[in-house]
Amino acid sequence: MVVNQEFCDMHSHLLPGMDDGCKSVEESVRVLRSSYDQGVRQIFATPHYYPVETVDTFLKRREAAMQALSKRLEQVELPVPQICLGAEVAYRPGIGYQEDLEKLCLGKSRYMLLEMPSSPWSDEVVRSVRNMCSTKGIIPIIAHIEHCMPMQSRDVLMRILEQDVLVQMNAGYLLRFSSRGNGRRLLKNGVVQLLGTDCHNMTSRKPNMGLAMAYLEKKGMTRTVREITALSQSIFREAFGE
Ligand SMILES: [Fe+2]
């Protein structure tokens with residue numbers, strides 16, 4: 001694929017053996033190479049965090065997976081995107097009050113990729129997100145909004161979106177005939193500001209950022225592509241500590 005722009009992928013499961021994403025270091029390298037070929041120059045590694053383990057245990061596992069991958073990348077000596085560590089943090093009741101929640105933010109930033117419940121959001125969900133933002137100073141990035149949006153009333157959606165949150169959509173939503181019109185609308189209306197691939201492997205859930213951006217370009221949404229890229233790259237720089 002020929003690309004003339006550079007992108008940042010906000011959401012991926014590329015770390016080997018961390019979750020239901022890449023199963024091996026080799027698969028991780030293939031995902032990174034494919035991402036790079038599509039113009040991705042920065043990528044957030046966001047393995048699922050579920051409270052079945054402590055945050056510290058998760059962080060140790062994540063560090064070990066990253067070290068194994070870095071070692072292989074040194075041997076491969078091929079260009080790949082810069083990687084910044086993060087997590088896709090599953091919502092659970094009380095999460096907004098969790099002591100060590102900040103450790104799960106994207107790199108050194110205050111942004112946190114948050115996987116919201118796919119059931120209707122209760123008042124407790126709204127309160128917890130509000131507490132995350134106002135008391136903890138975390139900026140939640142709502143992961144793949146298209147997964148949970150159909151179950152929400154307009155009222156509850158507005159109560160979440162009026163907080164200091166950002167919203168991410170999966171690139172694949174723009175590539176399916178049945179959903180791409182709605183995906184474009186969510187971008188045009190400003191509901192969604194960020195794209196991620198949520199890539200897991202090189203088979204069923206491949207990296208597809210270049211395809212989604214090319215689709216937006218084809219639809220005349222060059223400005224949107226630029227805005228998504230500028231915002232995601234600025235978050236990456238902050239997270240990476242540049
Ligand atoms: Fe994900």
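Values below: every heavy atom of this structure, side chains too, minus hydrogens, waters and symmetry copies.
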Query raised in the report: Side chains of E88 and D19: closer than 4.5 Å at any heavy-atom pair?
Result: no

Query raised in the report: How close do I138 and C105 get, heavy atom to heavy atom, and via which atoms?
Result: CG1-SG, 4.2 Å

Query - Audit row: E6, T229, side chain to side chain contact (heavy atoms under 4.5 Å, CB included) steps and yes/no - result: CA-CA 8 Å; E6 299 187 345; T229 304; 5.9 Å; no

Query raised in the report: Any side-chain heavy-atom pair from C8 and F44 closer than 4.5 angstrom?
Result: yes

Query raised in the report: Between T135 (side chain) and M132 (backbone), is there a donor-acceptor pair under 3.5 Å?
Result: no

Requested in this report: Taking the side chain as every heavy atom from C-beta outward, state whether L15 and C22 have any pair of such atoms under 4.5 Å apart.
Outcome: no

Query raised in the report: Hey, does C133 have a side-chain heavy atom less than 4.5 Å from the side chain of P140?
Result: yes

Query raised in the report: Can you name the residues that form a side-chain contact (heavy atoms from CB on, under 4.5 Å) with R30, not counting sequence neighbours?
Result: E26, E27, M202

Query raised in the report: Taking the side chain from R127 and the backbone from G94, do they hold a donor-acceptor pair closer than 3.5 Å?
Result: no

Report task. Could you give me the CA-CA distance, side-chain angles and deciding distance for K71 and V25, then say whether side chain to side chain contact (heavy atoms under 4.5 Å, CB included) is met? Result -> CA-CA 10 Å; K71 206 169 143 192; V25 169; over 6 Å; no

Query raised in the report: Is Q193 reaching over with its side chain to a backbone N or O of V167, donor-acceptor style, under 3.5 angstrom?
Result: yes

Query raised in the report: Listed by chain and number, what are the salt bridge (Lys or Arg N to Asp or Glu O under 4.0 Å) partners of E124, not counting sequence neighbours?
Result: none

Query - With D164 via side-chain hydrogen bond (donor to acceptor under 3.5 Å, both in side chains) - residues at least two apart - result: none

Query raised in the report: Quick check: does any side chain N or O of R61 sit under 3.5 Å from a backbone N or O of M18, one acting as donor and the other as acceptor?
Result: yes

Query raised in the report: Going through the distances and angles, do Q38 and S34 end up as a side-chain hydrogen bond (donor to acceptor under 3.5 Å, both in side chains)?
Result: CA-CA 6 Å; Q38 295 180 48; S34 169; 3.2 Å; yes

Report task. Apply ring pair (Phe, Tyr, Trp, His ring centres under 6.0 Å) to Y215 and list each qualifying residue two or more places apart in sequence or on a separate chain. Result -> none

Query raised in the report: Would you find more than 12 non-hydrogen atoms of other residues, nucleotides or ligands less than 6.0 Å from E99 atom CD?
Result: no

Query raised in the report: Is it true that a side-chain atom of Q168 and a backbone atom of H144 form a donor plus acceptor pair closer than 3.5 Å?
Result: yes

Requested in this report: Compare all side-chain heavy atoms of C84 with those of Q42 and state whether any distance is below 4.5 angstrom.
Outcome: no

Query raised in the report: Can you check whether P79's main-chain N or O pairs, donor with acceptor, with R33's side chain at less than 3.5 Å?
Result: yes

Query raised in the report: Judged by atom type as modelled, is there a donor-acceptor pair below 3.5 Å linking the side chain of K136 to the main-chain atoms of Q98?
Result: yes

**Report entry** L174 vs M169 side-chain heavy atoms within contact, under 4.5 Å
**Finding:** yes

Report summary line: With sequence neighbours left out, the residues meeting ring pair (Phe, Tyr, Trp, His ring centres under 6.0 Å) with Y50 are H48

**Report entry** Transitive ILVMFWY side-chain link F240 to F7, under 4.5 Å
**Finding:** no

Query raised in the report: With a 4.5 Å heavy-atom cut-off, do I139 and I235 have their side chains touching?
Result: no

Query raised in the report: So, does Q152 use its side chain to make a donor-acceptor pair with the main chain of W121 at under 3.5 Å?
Result: yes

Requested in this report: Take N201 and K23 through the test side chain to side chain contact (heavy atoms under 4.5 Å, CB included) and record every step on the way to the result.
Outcome: CA-CA 8 Å; N201 50 44; K23 296 281 174 265; over 6 Å; no

Query raised in the report: Are the side chains of M116 and I160 in touch, meaning some heavy atoms are under 4.5 Å apart?
Result: yes

Query raised in the report: Does M10 belong to the same Ile/Leu/Val/Met/Phe/Trp/Tyr cluster as L114, with side-chain heavy atoms less than 4.5 Å apart forming each link?
Result: no

Report task. Give a yes or no on whether L194 and L157 share a hydrophobic cluster (residues Ile, Leu, Val, Met, Phe, Trp, Tyr; joining criterion: side-chain heavy atoms under 4.5 Å apart). Result -> no

Report task. Indicate the atoms forming the closest heavy-atom contact of P81 with L32, along with that distance. Result -> CD-O, 3.4 Å

Query - Salt bridge flag under 4.0 Å for residues R159 and D155 - result: yes

Query raised in the report: Under 6.0 Å from the six-membered ring centre of Y36 and within 45° of its axis: does the NZ or CZ of R41 meet both?
Result: yes

Query raised in the report: Is the backbone of C148 close enough, under 3.5 Å, to the side chain of S118 for a donor and an acceptor to pair up by distance?
Result: no

**Report entry** Within one Ile-Leu-Val-Met-Phe-Trp-Tyr cluster: L161 and Y91, side-chain cutoff 4.5 Å
**Finding:** yes

Report task. Tell me, with the steps shown, if L85 and E63 meet side chain to side chain contact (heavy atoms under 4.5 Å, CB included). Result -> CA-CA 9 Å; L85 297 177; E63 192 52 43; 4.0 Å; yes

Query raised in the report: Sub-3.5 Å donor-acceptor pair from the side chain of S28 to the main-chain atoms of L14, do we have one?
Result: yes

Query raised in the report: Got a sec: does the CZ of R92 have more than 12 other heavy atoms crowding it under 6.0 Å?
Result: yes

**Report entry** ring pair (Phe, Tyr, Trp, His ring centres under 6.0 Å) partners for F58, two or more places apart
**Finding:** Y49

Query raised in the report: Should the heavy atoms of other residues, nucleotides or ligands under 6.0 Å from NZ of K206 be counted, would the total exceed 12?
Result: no

Query raised in the report: If Ile, Leu, Val, Met, Phe, Trp and Tyr residues are connected whenever their side-chain heavy atoms lie under 4.5 Å apart, and connections chain through other members, are V192 and M151 in the same group?
Result: no

Report task. Ignoring hydrogens and angles, state whether a donor on the side chain of E115 or H11 is under 3.5 Å from an acceptor on the partner side chain. Result -> no

